[in-house]
Amino acid sequence: MLKTHNCGELRLSHAGQEVSLAGWVHRRRDHGGLIFIDLRDRSGLVQITVQPGRGEAHSVAEKARGEFVLKLDGVVRPRPENLVNPNLPTGEIEVLADSIEILNPAKAPPIPLDDDGYRTDEGQRLKYRYLDLRRARLQENIILRHKTIKFIRDYLDRLGFLEIETPMMIKSTPEGARDYVVPSRLQPGRFFALPQSPQQLKQLLMVAGYERYFQIARCMRDEDLRGDRQPEFTQLDLEMSFVDRDDVLAVVEGLVTALIPVVTPHKRIFEPFPRLSYAEAMARFGTDKPDLRFGMGIVDITDTLRRSEARVFAEPIASGGTVRAIVAPSSAGSSRKEVDTMTDLVKAAGAKAMATLAWTAEGVKGTAAKLLKDSEVSEIVRRLEAKQGDLACMVAGRADVASKALGALRLDFRDRLNLAPPDLLAFAWVIDFPMFEWDEEEKHWSFIHHPFTMPKQEHLDILETDPGAVLSDAYDLVCNGYELSSGSIRIHRRDIQARIFRSLGYSDEEAYRRFGHMLDAFEYGAPPHGGMAPGIDRLIMLLADEPNIREVIAFPKTASAADLMFDAPSELDPKHLRELHLQILE
RNA sequence: GGGGUCGUAGUUCAGUUGGUUAGAACGCCGGCCUGUCAAGCCGGAGGUCGCCGGUUCGAGCCCGGUCGGCCCCGCCA
């Protein structure tokens, strides 16, 4: 080893020790005589002091520049009290250099590395990711990620889970996300698909009798990106045999509640995680991934306005709709322009219009104030628990549309009014998902989770007659408005699996062609089983207080699924293409 | 697939109504400087205004296209 200690670990207790250090020049302060170098390695910074008249050490230090790689020998010494730097963990000491060696000079970095990097163009950061990753913030994120994954492995090992690898090259199926594919050289015209998740493989491991499986699994989906979506991402994939839903939830909830105090002790969580049904989440928050860090739930005030003379409310109700509302604190004084912006937002989410009631010092204002009787207003105050200073936003129309629009508005208030406490991780379970949803474009029922999800036992009878009413044993873990994990109890009986495929419009032949391996496997003693797959990237993002998952992935891709460092994807040379039996069109 | 937004020095930005030689800060280079820790002071270099085309006597600025970054909708079993 070129070094005896790490820069960031030196303390007063090391005073007097001879040390060798190696690292990067973080900053250099050259006083002509005295030269200070902040030397940085993975562990942090320490100040190196180089005095004149120390022979070569001083002349080498004069040549050193930012990001030069140095090795040095010196002695740790306490700083005089007035020279202590309280902002640095190593601030009570410094290392007086005896000799310095330049292991490698460096060009001036194209992006600043001594700040948090948020203000630097992300394209530049990604092009020079190997430099970007040097900044303390990203190193902390990557270390947090390591600690989290290490904790997960140890925790699940103690619970008797086995980590089992599954293949990256499997079979394309037309369901779900677009596949990334790999052409076969040995079998012309055939392709592997990269896994969107190891879903079928882990179920087959249950059939194979492994009972408790997990994997830190890379998943690939060729869909458009978002701040919380990359084309390849990492899941904690897990599956258990002989369990019901609550067994699976208990394992994941236990894991997460044990993890947080260890890796992010400054974070608060609710225990136990609240549970709400899909229907409840949609009605009260207009989404299946509610942010429960704050209140402002959606309230249904249809009954209050059913007989109202205000046609904007009465007419939608008469034709089967609802009136729903949220109450925003300290917003009664919102300007006309602000209310217009809110209206645009709910309209973009599908609502026809928005009405307001504002409880100001001068009385009740807002667009609905003059349309409603006093008795109606006071009933609304009671229902919404509105106070002086509050602003109620009301949307009339179809129940799902009204809730979705108000749900979007609720998040807008959250961001503008800073309603979400920054130290809170509001985990919650969303359960009782519907089995199917009607695909208006394709004119058929499609599954909400995936085709191996078990319908609720009591709904098996109506699978064929009323698919829209069938609930499943699927569940999501949500946190702060993100879907962190999805899972379900799976089908383990061939007859039920076949009925599911039929209800999705597949002929038995078609189903067998695509999923014969699953149907066959279920005939050889498949145990009841279920599991889930928390998204590691999103989890780390929330733990690290980062605004997107790129900040917690070492080498992420851009919104157009490109790698700016490699300049990938790239073209293949013609010889390579011929070998793969491929031809480029256009 | 659709919408929004940004693109000017290495970085972050300013740039008036279309008008002389495109500015600032930080960084970089050089000089001075023995207690700084965002060191300080003095000086200097650094620009295909993303790219292509158009309008105009004249374009960083106006118009069309295109490429790229980010955000949102669709999409993500």
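The analysis underlying the following values was restricted to heavy atoms, covering all of them including side chains, and did not include hydrogens, waters or symmetry mates. Just so it is clear: chains get the letters A, B, ... in the order the sequence lines come, proteins before strands, and each one is counted from 1.
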Readout for nucleotides 35-47 of chain B: B = base within 4.0 Å of protein heavy atom, S = sugar-phosphate only, - = neither; 5' to 3' it is BBBSB--------
Going 5' to 3' along nucleotides 70-75 of chain B, which nucleotides have protein heavy atoms under 4.0 Å from the base (write B), which only from the sugar-phosphate (write S), and which from neither (write -)? SSSBBB
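The pair A/Arg218-A/Glu232 meets the salt-bridge criterion, with a side-chain N (NZ, NE, NH1 or NH2) lying under 4.0 Å from an Asp/Glu carboxylate O. A/Asp38 and A/Arg29 are joined by a salt bridge, as a carboxylate oxygen and a charged side-chain nitrogen come within less than 4.0 angstrom of each other. The pair A/Lys347-A/Asp344 does not meet the salt-bridge criterion, since no charged nitrogen lies less than 4.0 angstrom from a carboxylate oxygen.
Remark: C1' of B/C29 and CZ of A/Phe68 are 13 Å apart, rounded to the nearest angstrom. The CD-C1' distance, from A/Glu62 to B/C33, rounds to 12 Å in whole Å. Rounded to whole Å, the distance from CG on A/Asp222 to C1' on B/C76 is 11 Å. One can place NZ of A/Lys63 at 15 Å from P of B/C29, the figure rounded to the nearest angstrom. With rounding to whole Å, A/Leu564 atom CG is found 8 Å from B/G68 atom C1'. Here the P atom of nucleotide B/G7 and the CZ atom of A/Arg119 are 15 Å apart, to the nearest Å. Between A/His450 atom NE2 and B/C76 atom C1' there is a gap of 15 Å when expressed in whole angstrom units. In this structure, the CZ atom of A/Arg125 is 16 Å from the C1' atom of B/G10, given to the nearest Å.
When every heavy atom of A/Gln47 is checked against every heavy atom of A/Glu94, the shortest pair comes out as NE2-OE1, 3.1 Å.
Here, B/G50 and B/U5 have their C1' atoms 16 Å apart, quoted to the whole Å. Separation of the C1' atoms belonging to B/G19 and B/U56 is 12 Å when rounded to the nearest angstrom. Between the C1' atoms of B/C62 and B/G23, the separation comes to 23 Å (whole Å).
Side-chain contact, A/Gln215 with A/Thr166: a donor N or O sits under 3.5 Å from an acceptor N or O. There is no side-chain donor-acceptor pair under 3.5 Å between A/Thr173 and A/Arg514. Between the side chains of A/His450 and A/Arg490, a donor-acceptor pair is found at a separation under 3.5 Å.
The phosphate of B/U11 has OP1 or OP2 within less than 4.0 Å of a side-chain N or O from A/Gln124.
The partner of B/U5, taking Watson-Crick or G-U wobble pairs whose two distances both stay under 3.5 Å, is B/G69. Remark: B/U36 base-pairs with no nucleotide; criterion is Watson-Crick or G-U wobble with both hydrogen-bond distances under 3.5 Å. Here B/C26 sits opposite B/G10 as a Watson-Crick or G-U wobble pair (both hydrogen-bonding atom distances under 3.5 Å).
Between A/His31 and A/Phe36, the ring planes lie perpendicular to each other; the angle is over 60°, past the 30° to 60° tilted range. In this structure, A/Phe515 and A/His517 have tilted ring planes: the angle between them lies in the 30° to 60° band.
A/Pro451 comes within contact range of at least one nucleobase, with a heavy-atom separation under 4.0 Å.
Distances were taken from every side-chain heavy atom of A/Pro112 (C-beta onward) to each of B/U11, B/G69, B/C76; the shortest belongs to B/U11.
Remark: side-chain polar atoms of A/Glu223 are paired, donor with acceptor, to backbone N or O of A/Arg178 under 3.5 angstrom.
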